[in-house]
Amino acid sequence: MRWTQALIPTLKESPSDAEIVSHKLLLRAGLVRKLSGGLYTFLPLGLRVLRKIEQIVREEMDRAGALEVLMPALQPPEIWQQSGRYETASEVFYKVRDRAKKEWILGPTHEEVITTMVAGELSSYRQLPKSFYQIQTKFRDEIRPRFGLMRAKEFIMKDAYSFDSSDEAAQVSYQKMYDAYTRIFERCGLKAFPVEADTGVMGGKFSHEFMVPAETGENEVVYCDACSYAANIEKATSKIAGTPAGDSAAAIEKFATPGVKTIEDLTKAPYEVAAQQQIKTLVYMVEDKPVLVLVRGDHQLNEAKLVGTLGTATFRAATVDEIFAALGAYPGSLGAVSVKDLPVYADEILRGASSMTTGANEKGFHLRNVSIERDIQVKQWADLRSVQVGEACPKCGEPLKVRRAIEVGHVFKLGTKYTEALNAVYSDEAGKQQPAVMGCYGIGVTRTLQAVIEQCNDKDGIIWPLSVAPYRVCITPLGIVPGSAVMALAEKIYAELSAQGVDVLLDDRDDRPGVKFKDADLVGFPIRIAIGEKSLAKGEVELKLRGGVLKAIKQEEAVSEILAALKPQP
RNA sequence: CGGAGCGUAGCUCAGCCUGGUAGAGCACUUGCUUUGGGAGCAAGACGUCGCAGGUUCGAAUCCUGUCGCUCCGACCA
C-alpha cells in the first residue's frame, strides 16, 4: 500500500475526550474514530489490526478443536425467558421492536442461542464432546462506556461454548480453551496471566479470567509472588487471624459517643477502640427489603461476594432514609444487636468475636462488650470481605500483593444450568436422557486490540508486536522525485517485499522527513527502512526497528535483512 | 442512577467573570523558499459559538430547560 492512496489520518494532538494512553493512540494513529459514546468506526489501519487478531484467535480455536459458527445478533426474548436470564440480565439488553411491535434483543452474549441450536441437533453421547465458537459483534447497555474500545456499547467478541457428557470431560474441554487462550494472548504479544475469578451472573462452578497488567485496568487482581496464586479481588481469599476473643461473659454496656460518625472517629481518644474490635453495620436493600451486613471495622465489604451469598445481584446500598426506617437510627450509630426482624449476614472472620463495639441504633451512643454469637442473631455466615494488601496468601502464606489489570478473556465452567433450562439433552450409553455439561469462553477482541496498545507504547507512539502490526514494514524515502535514485530504490524494495508476501507500506507523501518519521513512530510499524540521498551516496539505507536502534545496511542487502528481521525470534 | 466538568473552525483551545463587528495555533487551498525528526513567508477558504426558550436596544457571554461528551462514584455508616 502507498501512503498517499491510504487513509491514515494521524493527529498531532490528542482529542480531548481521550483519557488513557491507549485511547489517545487509537485516535492519534488513525485507527478508529468515535461515532458516539461507546461506538467506534474502525478505519482501514485499525481494521487491519483487528483482522490479524481475529486470525490468531481463529487459528487457535481451530487448533483446540472448536468449530466456527455464526449466530444472529438479533435474538427472540423467549429463549432468555426460558433460561431465566430475561430478568437477571435485563439491564444490559438493547431491545428493539419490529413493525408488529414485537420485542427483540440485540445479543449481549449467546449461551441461549447456542444451547437452543445444540438442543435441536444433539441426541446421542456419541456426538460429544463438541465445541463451537464465533467472532461477532455484541451489544451491551453498559452503565458507563469508557476508555474507547475498553468498555463499549458495541464490541467484537470471540465467544465459544463446549458441550460434554460428563463433568470430567467438561474439565478437559475447559483446559483446552484455557491453553488456547494462553497461546492467543502470547501470539498477540500480550503479557496476560490467568486468575481465579468470580462467576457472577453467569452462574456456574468456577472460572478464570485472563488479565493484562495495566494501571488503567478496571479490575484489581490479588496475587502472590512466591507461588502461583492469583485471583480477582472479587474472588480472592487470604489467611488471616481470627478476631481476638475478649471477655465473652461481660455484659453489654451502652456508652455515649457524641459526634462519632465513623469507625475512625471511634479509634481516637477518648474512646480508643481499635478498628478490628468494631463491627461495621451496613444496610442493603434486597428487592426493596432491608438486610444487615456485618464486617469487621478494619475490613471492607466485597459486593461481588455478597452477590453469591444473597443469591441475587439485584440489591443496592440503602439510602439514609431507608436506613432510618429500618433501624430508627442514622449511619454513624448503626448496630445489629437485638435486631430480630431483619436478616443479618456476617463475615466469617467475626465468628466467635467478643468484646466488640458497635452502634446502639441511637444517635451518639455505641455498645461495648458485644459478643457476636450471644448478642446478634446472624442468619448466615459467609466470606464477605475484600482481601487487603499484605495479608497471607491462602496457598503459601507469603504476603499478597494487589495490582490493576485489564480483563481480556474469561473462561467459565457452567455445568448444566443452560442445557437443563433449554433442554439440550442427549441419550447416554444406557439410553437415559442427560443434560450436556457446558462451558463458555469469551475474548474481547476489540478490547484485546486496545490492551496491546496500552501495553506496547512509548512517548512517540505505538510499538506494535510483529504479529498484529497493521503493516509490518514502512519504507520511508526522504525524497519522492520520480526517477531519482532514492525513489527508484524505494520502489524496488517495495516491489520485492510485496512479492515475498510482506505487508509493506510505502510512504510516498511529499512531506519533510521529520513528518514521515514522526508518523511512522506514532503508528508504530515494527520495521522502518529509511532511504535518503546522504546514506545512499555510500550505498547504504537505514533499517530501524521500532523502539530499537538504527542500523546502516548495504542497499542490496536491504530486502534480505528485512526478511531476516521478520523471522520469529528463536 | 448520583456527583462534577466540558460543548466556540477538521483538531487543540482562548474569548464568557464585566453583554456591543467571532479569535489564535495546528490542519486545509494557492504561490515562493526550504528539505535527515512534526519548516518559513505571503495570500486564501473554513463557524447556525450543541439545541430550544427567556431577559435585553443588543446574547458565544446572563437566566431556564434540553441534548451530547468526559471523569468520579455508585461499600467504608
Side-chain angles (χ1 to χ4, degrees), chain A residues 9-20 23-24 27-28 30 33-39 91 141-148 151 216 218 233-234 257 260-266 275 278-285 292-307 315-320 322-324 326-327 329-336 347 358-361 363 366 384-386 388 459-461 476-481 484 486 509-522 528 530-537 541-542 544 550 552:
Chain A
T10 57
L11 303 172
K12 277 191 194 176
E13 293 176 285
S14 302
S16 56
D17 52 11
E19 192 72 16
I20 65 174
H23 187 194
K24 289 179 181 170
L27 294 163
R28 288 191 56 207
R33 284 294 180 263
K34 184 172 76 175
L35 173 64
S36 179
L39 298 172
E91 301 218 322
D141 188 2
E142 293 285 348
I143 297 176
R144 181 148 86 91
R146 57 172 149 182
F147 300 151
R151 184 170 292 281
T216 52
E218 295 189 272
I233 195 151
E234 296 178 344
T257 51
V260 168
K261 285 240 184 293
T262 64
I263 299 282
E264 201 196 339
D265 291 345
L266 208 52
Q278 301 186 38
I279 302 169
K280 191 188 290 189
T281 307
L282 307 165
V283 185
Y284 275 79
M285 301 301 285
L292 301 188
V293 182
L294 310 184
V295 295
R296 211 168 74 183
D298 57 333
H299 290 161
Q300 315 231 334
L301 172 68
N302 185 325
E303 285 196 352
K305 290 181 179 177
L306 190 56
V307 172
F315 62 79
R316 59 178 171 82
T319 65
V320 169
E322 285 166 341
I323 291 171
F324 187 81
L327 294 174
Y330 288 108
S333 335
L334 303 180
D347 183 53
T358 190
N361 286 337
K363 189 178 183 185
H366 279 74
L384 292 171
R385 52 182 287 276
S386 282
Q388 292 170 351
K459 65 175 173 45
D460 294 317
T476 306
L478 300 185
I480 58 150
V481 180
S484 66
V486 164
R509 293 176 297 171
D510 186 14
D511 265 308
R512 298 164 62 87
V515 173
K516 295 186 174 195
F517 290 143
K518 285 287 185 189
D519 270 350
D521 287 347
L522 175 59
R528 186 183 76 206
I531 307 168
E533 279 182 21
K534 286 182 191 167
S535 47
L536 196 54
V541 298
E542 285 157 11
K544 181 157 185 313
L550 201 99

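Note that this is a predicted model, so its numbers are computed, not measured. All heavy atoms count here, side chains included; hydrogens, waters and symmetry mates do not. By convention in this document, chain letters (A, B, ...) are assigned in the order of the sequence lines, proteins followed by strands, and residues within each chain are numbered from 1.
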Practice task
Write down the distance between CZ (A:R151) and C1' (B:rC71), rounded to a whole number of angstrom.
Solution key: 15 Å
Practice task
Under 4.0 Å between any heavy atoms, over every strand shown, what does A:R528 touch: base, sugar-phosphate, or nothing? Just pick one.
Solution key: base
Exercise for the section: Indicate yes or no: at least one non-hydrogen side-chain atom of A:E218 is less than 4.5 angstrom from one of A:R146. Expected result: yes
Completion exercise
The Watson-Crick or G-U wobble partner of B:rC41, with both key distances under 3.5 Å, is B:rG31
Fill in the blank from the handout: Once base and sugar-phosphate atoms are separated, protein heavy atoms under 4.0 Å mark nucleotides 72-77 of chain B, 5' to 3', with B, S and - as B-BBBB
Exercise for the section: Provide, to the nearest angstrom, the distance between the CE atom belonging to A:M285 and the P atom belonging to B:rG2. Expected result: 18 Å
Completion exercise
Sorted by chain and number, sequence neighbours left out, salt bridge (charged side-chain N to carboxylate O under 4.0 Å, His left out) with A:E142 holds for A:R151
Exercise for the section: Decide yes or no for A:L550 and A:R528: does some side-chain heavy atom of the first lie under 4.5 Å from some side-chain heavy atom of the second? Expected result: yes
Practice task
Tell me what A:D521 touches on the nucleic acid: a base, only sugar-phosphate, or nothing, going by heavy atoms under 4.0 Å.
Solution key: base
Practice task
Look at the side chain of A:F517 and decide which nucleotide, out of B:rG38, B:rC69, B:rG37, has an atom nearest to it.
Solution key: B:rG37
Exercise for the section: Would you mind classifying the nucleic acid contact of A:G532 as base, sugar-phosphate or nothing, using non-hydrogen atoms under 4.0 angstrom? Expected result: base
Problem - B:rC26: pairing nucleotide in any strand, Watson-Crick or G-U under 3.5 angstrom - result: B:rG10
Practice task
Could you please name the partner base of B:rU18, counting Watson-Crick and G-U wobble pairs only when both distances are under 3.5 Å?
Solution key: none
Handout entry: Which atom of A:R509 lies closest to which atom of A:V515, heavy atoms considered
Key = NH2-O, 4.3 Å
Practice task
Look through every strand shown and name the nucleotide pairing with B:rG36 as Watson-Crick or G-U wobble, where both distances are under 3.5 Å.
Solution key: none
Exercise for the section: Just name whichever nucleotide pairs with B:rC51, Watson-Crick or G-U, keeping both distances under 3.5 Å, else none. Expected result: B:rG65
Completion exercise
Residues A:K363 and A:S333: closest non-hydrogen pair is CA-OG, 3.7 Å
Under 3.5 Å between N/O atoms: give me all the protein pairs with nucleotides 39-45 of chain B, atom names plus distance.
residue, atom, partner, partner atom, Å
B:rA39, OP2, A:R512, NE, 3.4

Exercise for the section: For the residue pair A:L27 and A:R33, establish whether any side-chain heavy-atom pair is separated by less than 4.5 Å. Expected result: yes
Exercise for the section: Would you mind classifying the nucleic acid contact of A:R296 as base, sugar-phosphate or nothing, using non-hydrogen atoms under 4.0 angstrom? Expected result: nothing
Practice task
Applying side chain to side chain donor-acceptor pair (under 3.5 Å), name anything that partners A:K305, two or more places apart in sequence or on another chain.
Solution key: A:D383
Problem - Minimum-distance nucleotide (side-chain atoms of A:K534 versus B:rG38, B:rU70, B:rG36) - result: B:rG36
Fill in the blank from the handout: Whole-Å distance, A:R33 CZ to B:rC69 C1', equals 16 Å
Handout entry: Separation of atom CD in A:E19 from atom P in B:rG5, rounded to whole Å
Key = 16 Å
Exercise for the section: Look through every strand shown and name the nucleotide pairing with B:rU70 as Watson-Crick or G-U wobble, where both distances are under 3.5 Å. Expected result: B:rA4
Handout entry: Rounded distance in Å - CG (A:D511) to P (B:rU34)
Key = 17 Å
Handout entry: Pairing nucleotide - B:rC75, Watson-Crick or G-U, each distance under 3.5 Å
Key = none
Completion exercise
Nucleotide by nucleotide, nucleotides 8-14 of chain B touches protein heavy atoms under 4.0 Å in the pattern (B base, S sugar-phosphate only, - none) ---SSS-
Handout entry: Protein-nucleotide distance (A:I20, atom CD1; B:rU70, atom C1'), rounded to Å
Key = 13 Å
Handout entry: Length of the CG-P vector between A:D519 and B:rG36, whole Å
Key = 17 Å
Practice task
Applying ring-ring contact (aromatic ring centres under 6.0 Å, His included), name anything that partners A:F517, two or more places apart in sequence or on another chain.
Solution key: none
Problem - Between P of B:rU34 and CG of A:L478, the distance in whole Å - result: 18 Å
